[in-house]
Q: 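My structure is below; once you've seen it, I'll send some questions.
Basis for what follows: all heavy atoms, side chains included, without hydrogens, waters or symmetry-related copies.
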Amino acid sequence: MGIKAALSAINKAKITASEIDLIAYGAAAAILKKGEPSNQILSYHAITNGKFVDCLKVSSAGTKFPVSGTQINDELNYLKVKDPQQLKTILSDIYLENYVKVIHKSLEKSGYLIKDVDFLLTNQVKKSLSKGILESLNLKDDQTFISLPEYGHLGAVDTIFGLAKTLDSKKIKSGNLVVLASSAAGFSWAALTVKY
């Protein structure tokens with residue numbers, strides 16, 4: 001979605017602080033080469049929780065209100081948070097719990113433990129969440145890249161952006177174990193374990 005189209009989905013007159021935290025625009029691509037001996041993807045794990053599917057959404061289009069050429073209620077075109085308190089709980093408690101689950105499971109599938117991780121790169125939904133993930137896993141600030149203060153939250157792109165910045169600064173070395181962990185509204189979480 002282009003920035004112009006995305007901005008048009010926000011009713012700025014009715015926006016709340018919870019909604020502002022989630023607004024982000026970013027795009028990235030990672031090129032993978034089959035049989036590449038370095039930067040090996042070891043494992044991946046993801047979970048989805050559809051229970052919260054209606055918590056955050058733009059109602060127009062889709063299967064409930066398909067595009068038909070007839071005028072629909074304009075309010076359905078804007079991003080809505082059904083229950084701001086529920087969203088706060090999801091972003092604080094459930095996100096943290098599920099990030100930790102997918103990271104541990106991806107590491108387990110690869111034959112490694114959290115103590116083996118050199119770098120963990122996550123998306124930057126909230127500063128407190130990023131800090132909570134590191135603390136829950138007993139990792140230090142120098143084992144990640146925090147982009148939120150300078151670049152904001154770029155969505156799922158945060159992980160690839162953090163990886164690029166960490167590689168540019170030559171912090172990741174050959175033999176390092178790197179975990180990329182991301183999430184998406186809807187809600188889903190995933191972790192990818194890579195050996196450099």
Side-chain angles (χ1 to χ4, degrees), residues 6-7 9-10 12 14-28 44-58 79-108 113-166 169 171-172 177-194:
L7 285 172
I10 302 166
K12 293 162 194 74
K14 296 185 178 185
I15 200 160
T16 68
S18 296
E19 291 164 330
I20 292 169
D21 289 344
L22 293 173
I23 306 306
Y25 311 101
Y44 169 82
H45 188 73
I47 56 176
T48 298
N49 188 339
K51 177 180 165 185
F52 306 112
V53 70
D54 288 329
C55 183
L56 177 71
K57 68 179 181 176
V58 176
L79 179 66
K80 301 270 193 223
V81 176
K82 184 177 181 181
D83 179 349
Q85 188 56 45
Q86 180 189 36
L87 181 60
K88 184 177 179 182
T89 300
I90 291 168
L91 292 176
S92 298
D93 304 335
I94 297 167
Y95 259 56
L96 178 59
E97 177 185 327
N98 287 335
Y99 262 111
V100 170
K101 279 182 190 175
V102 295
I103 291 165
H104 277 296
K105 192 66 175 176
S106 181
L107 285 165
E108 179 187 317
L113 300 170
I114 196 66
K115 68 179 180 62
D116 302 313
V117 173
D118 295 295
F119 289 94
L120 170 66
L121 302 162
T122 64
N123 53 333
Q124 310 282 302
V125 178
K126 292 173 51 174
K127 182 180 178 181
S128 60
L129 177 62
S130 297
K131 190 164 185 59
I133 294 168
L134 289 175
E135 287 174 358
S136 294
L137 299 170
N138 292 317
L139 296 175
K140 297 179 176 85
D141 288 347
D142 64 355
Q143 289 178 278
T144 194
F145 177 80
I146 304 292
S147 61
L148 198 56
E150 189 173 347
Y151 301 100
H153 170 48
L154 303 171
V157 173
D158 287 332
T159 55
I160 299 295
F161 182 73
L163 178 62
K165 289 298 215 177
T166 307
S169 66
K171 289 182 180 178
I172 295 176
L177 189 69
V178 178
V179 176
L180 305 174
S182 192
S183 59
F187 286 87
S188 58
W189 301 263
L192 179 77
T193 303
V194 180

Q: Once side chain to side chain donor-acceptor pair (under 3.5 Å) is applied, do any residues pair with N98, and if so which ones, sequence neighbours excluded?
A: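 Side chain to side chain donor-acceptor pair (under 3.5 Å) check on N98 returns nothing, list empty.
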Q: Does the side chain of L96 come within less than 4.5 Å of L129's, by heavy atoms?
A: yes
Q: List the residues meeting side-chain contact (heavy atoms from CB on, under 4.5 Å) with D93, not counting sequence neighbours, and say none if there are none.
A: T89
Q: Hey, could you give me the CD1/OG distance between I94 and S183, rounded to the nearest 0.5 Å?
A: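 One finds 12.5 Å between CD1 of I94 and OG of S183.
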Q: Would you mind writing out the side-chain donor-acceptor pairs for residues 134-145 within the sub-3.5 Å range, not counting sequence neighbours?
A:
from	atom 1	to	atom 2	distance (Å)
S136	OG	G132	O	2.9
Q143	OE1	K140	N	2.8
Q143	NE2	V117	O	3.0
T144	OG1	L120	O	2.6

Q: Looking only at heavy atoms, which two atoms of T193 and L107 are closest? And how far apart?
A: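 In this case the closest contact between T193 and L107 is OG1-N, 3.8 Å.
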Q: Suppose we screen for side-chain contact (heavy atoms from CB on, under 4.5 Å). Which residues come up paired with A46, at least two apart in sequence or across chains?
A: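 Checked A46 against side-chain contact (heavy atoms from CB on, under 4.5 Å); matches are Y44, A190.
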Q: Minimum heavy-atom separation for S182 and Y99, please, with both atom names.
A: C-OH, 3.5 Å
Q: Is there a side-chain contact between V179 and L192 in this structure, where contact means two heavy atoms from C-beta onward sitting under 4.5 Å apart?
A: no
Q: Going by the rule salt bridge (Lys or Arg N to Asp or Glu O under 4.0 Å), which residues pair with K101 if we only count those two or more places apart in sequence or in a different chain?
A: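 Only E97 meet the salt bridge (Lys or Arg N to Asp or Glu O under 4.0 Å) criterion with K101.
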Q: Could you tabulate the donor-acceptor pairs under 3.5 Å formed by side-chain atoms of residues 157-165, not counting sequence neighbours?
A:
from	atom 1	to	atom 2	distance (Å)
D158	OD1	L154	N	2.8
D158	OD2	Q124	N	2.6
D158	OD2	H153	ND1	2.6
T159	OG1	A156	O	3.1
K165	NZ	Y151	OH	3.2

Q: Please enumerate all residues that pass side chain to side chain donor-acceptor pair (under 3.5 Å) together with H45, with sequence neighbours excluded.
A: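 If we apply the side chain to side chain donor-acceptor pair (under 3.5 Å) test to H45, skipping adjacent residues, the hits are K109.
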Q: Can you name the side-chain contact (heavy atoms from CB on, under 4.5 Å) partners of S188, sequence neighbours left out?
A: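 Result, side-chain contact (heavy atoms from CB on, under 4.5 Å) vs S188: T48, A184.
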Q: Checking N49 side chain against F187 main chain: does a donor-acceptor pair fall under 3.5 Å?
A: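 Checking the backbone N and O of F187 against the side chain of N49, no donor-acceptor pair under 3.5 Å is found.
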Q: The criterion is side-chain contact (heavy atoms from CB on, under 4.5 Å); which residues satisfy it with E150, sequence neighbours excluded?
A: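 E150 satisfies side-chain contact (heavy atoms from CB on, under 4.5 Å) with no other residue.
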Q: So, using side chain to side chain donor-acceptor pair (under 3.5 Å) as the criterion, who are the partners of T122 when residues are at least two apart?
A: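 T122 satisfies side chain to side chain donor-acceptor pair (under 3.5 Å) with no residue once adjacent residues are dropped.
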